[in-house]
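One structure is given below, encoded as structure tokens.
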2 protein chains.
Amino acid sequence: MNFSLDDIQQKFRGCGLKSTPQRTAIYQALVHSTAHPTAEDLFAQVLPTYPMLSLNTVYYTLGVLRTAGLVQEVNIGHDRARFDANLSPHHHVICLGCQTILDVMDPKLNRLTSPSGLPKDFEITQYQVAFRGYCGPCRQSKASNTASSSGKRPISQ
Amino acid sequence: MNFSLDDIQQKFRGCGLKSTPQRTAIYQALVHSTAHPTAEDLFAQVLPTYPMLSLNTVYYTLGVLRTAGLVQEVNIGHDRARFDANLSPHHHVICLGCQTILDVMDPKLNRLTSPSGLPKDFEITQYQVAFRGYCGPCRQSKASNTASSSGKRPISQ
DNA sequence: TTGATAAATAGGAATGATTACTAAAAAGGA
DNA sequence: TCCTTTTTAGTAATCATTCCTATTTATCAA
């Protein structure tokens, strides 16, 4: 989870990517974050160090890194793209209140087999489970609005 | 899966929604589709019957139906929202080539339990598994570009 | 070290899905 | 039938993302 600048340079080179200060900074910001930031989040984070940085460059960089397989996009809606540099198999828990995304690395989720009822020429290459619900604070604020439902319920789809 | 106009009217009323011809047509188009259409798809489909229909109305209607819980949004990227009126527990298979979305109703996927490592005050209300890969035709076109990888591989995240 | 070449950067403009605003029309209830 | 509220349709606005392009930079070979 922690990379030196040299590691990152190596990683970029290994993918045939040039290693530039901006690119390194953007990637490092993403690697060190567990918040699944947006392009704009990363822009804001790197801007103090590179005041000439363009948001455009952030988008371009994320595109390049995604193509190279160093970064993945996480979808929680159709608002803004959020990014993740965690390449180990994992899944996501999304709070429907505050849009927080948590990583979940539960080995039992990594053993799902191809679902039944698929066309047999369909080749599955990956899968991801998205759990949705409400984090503690958001449950509080929901409860103060409507006085209902705090008991444990079975998970449904 | 097949609803009469009366059924739909009942359903709308039950949710406190007015039943209008446009709304009914939009919902019906969605219910009868398995293609997870976009707002624009639905607009195009209903337009011949209601030439004065506004795309705006389609968005508004989908928003209302989603709030009422009659419709869900499916995310496959950050391009356009796609919609689904299938309320029974199911999951999705997404072709990375042509963006087709297939419904998967495999009972074994409906028995996942809450993942380990969650904050204990987080309440999961739903989850969905998204399988990604390539459908038959898209595998063909991939293969004609790069001559590689057609054997069966284990699924990874 | 230098020069050549291809990629990366920054800036502004463009795109395109979605939302906001608003007046007119329609639905549902009294 | 009348009233109230929602819905509709049209136009304009928003906002994330992409496109275009000139300049700069990284990398590689000589």
Side-chain angles (χ1 to χ4, degrees), chain A residues 5-6 8-29 36-44 46-68 70-71 73-83 99, chain B residues 5-6 8-29 36-44 46-68 70-71 73-83 99:
Chain A
L5 289 180
D6 271 3
I8 292 181
Q9 186 148 6
Q10 293 254 324
K11 200 176 275 228
F12 286 170
R13 294 265 182 77
C15 300
L17 302 177
K18 291 186 179 175
S19 172
T20 70
Q22 294 95 325
R23 180 170 292 177
T24 305
I26 292 165
Y27 181 64
Q28 239 184 356
H36 305 81
T38 64
E40 196 120 16
D41 292 337
L42 293 167
F43 176 64
V46 176
L47 195 60
T49 316
Y50 295 94
M52 301 299 289
L53 182 69
S54 158
L55 177 57
N56 207 336
T57 299
V58 178
Y59 276 108
Y60 176 79
T61 301
L62 289 169
V64 165
L65 296 177
R66 184 184 42 197
T67 302
L70 296 178
V71 152
E73 235 182 272
V74 183
N75 305 315
I76 67 167
H78 286 88
D79 39 1
R80 302 185 264 183
R82 295 178 64 171
F83 296 88
Q99 315 282 73
Chain B
L5 289 179
D6 271 3
I8 292 181
Q9 185 149 8
Q10 292 254 324
K11 200 177 273 227
F12 286 170
R13 295 267 181 79
C15 299
L17 302 177
K18 290 186 180 177
S19 172
T20 69
Q22 293 96 325
R23 178 169 292 174
T24 305
I26 292 166
Y27 181 64
Q28 237 182 0
H36 305 81
T38 65
E40 197 118 18
D41 292 337
L42 292 167
F43 176 63
V46 175
L47 196 59
T49 317
Y50 295 93
M52 301 299 288
L53 182 69
S54 159
L55 177 56
N56 206 338
T57 299
V58 178
Y59 277 108
Y60 176 79
T61 301
L62 289 169
V64 165
L65 295 177
R66 184 183 45 199
T67 302
L70 296 179
V71 153
E73 235 180 272
V74 183
N75 305 315
I76 68 166
H78 287 87
D79 39 0
R80 300 185 265 181
R82 296 178 62 172
F83 296 87
Q99 316 282 73

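Within every chain, numbering begins at 1; the chains are lettered A, B, ... in the order of the sequence lines, protein sequences first and strands thereafter. Remember, predicted model here, so these are calculated numbers, not experimental data.
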Pairing string of DNA chain C (Watson-Crick or G-U wobble, both atom distances under 3.5 Å; | = paired to other strand) is ||||||||||||||||||||||||||||||
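With sequence neighbours excluded, no residue forms a ring-ring contact (aromatic ring centres under 6.0 Å, His included) with A/Tyr59. Residues passing the ring-ring contact (aromatic ring centres under 6.0 Å, His included) test with B/Tyr60, sequence neighbours excluded: none. B/Val74 is linked by a side chain to side chain contact (heavy atoms under 4.5 Å, CB included) to B/His36, B/Ile76, B/Asp84, B/His92, B/Ile101, counting only residues two or more places apart in sequence or in another chain. Annotation: side chain to side chain contact (heavy atoms under 4.5 Å, CB included) contacts of A/Phe43 (sequence neighbours excluded): A/Leu47, A/Leu53, A/Leu55, A/Val58. Partners of A/Asn56 according to the side chain to side chain donor-acceptor pair (under 3.5 Å) rule, which considers only residues two or more places apart in sequence or in another chain, do not exist here. A/Ala68 is linked by a side chain to side chain contact (heavy atoms under 4.5 Å, CB included) to A/Cys15, A/Leu17, A/Leu70, counting only residues two or more places apart in sequence or in another chain. When the side chain to side chain contact (heavy atoms under 4.5 Å, CB included) test is applied to A/Thr38, the partners found at least two apart in sequence or on another chain are A/Glu40, A/Asp41, A/Arg80, A/Arg82.
Between B/Gln9 atom CD and C/dG29 atom P the separation is 10 Å, expressed in whole Å. Atom CZ in B/Arg13 sits about 19 Å away from atom P in D/dT5, given to the nearest Å.
In this structure, B/Val46 and B/Ala29 approach most closely via the heavy-atom pair CG2-CB, 4.1 Å.
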Treat primed atoms plus P, OP1 and OP2 as sugar-phosphate and everything else as base, then score nucleotides 6-11 of chain D 5' to 3': B for base contact with protein heavy atoms under 4.0 Å, S for sugar-phosphate contact only, - for none.
-> SSBBBB
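Around atom CD of A/Gln99, more than 12 heavy atoms belonging to other residues, nucleotides or ligands sit under 6.0 Å away.
Pairs engaging residues 49-66 of chain A under the salt bridge (Lys or Arg N to Asp or Glu O under 4.0 Å) rule: A/Arg66-A/Glu73 [sequence neighbours left out].
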Just the table, please: protein N/O against nucleotides 16-18 of chain C N/O, every pair under 3.5 Å.
residue	atom	partner	partner atom	Å
C/dT18	OP1	B/Ala81	N	2.7
C/dT18	OP2	B/Tyr59	OH	2.3
C/dT18	O5'	B/Tyr59	OH	3.3

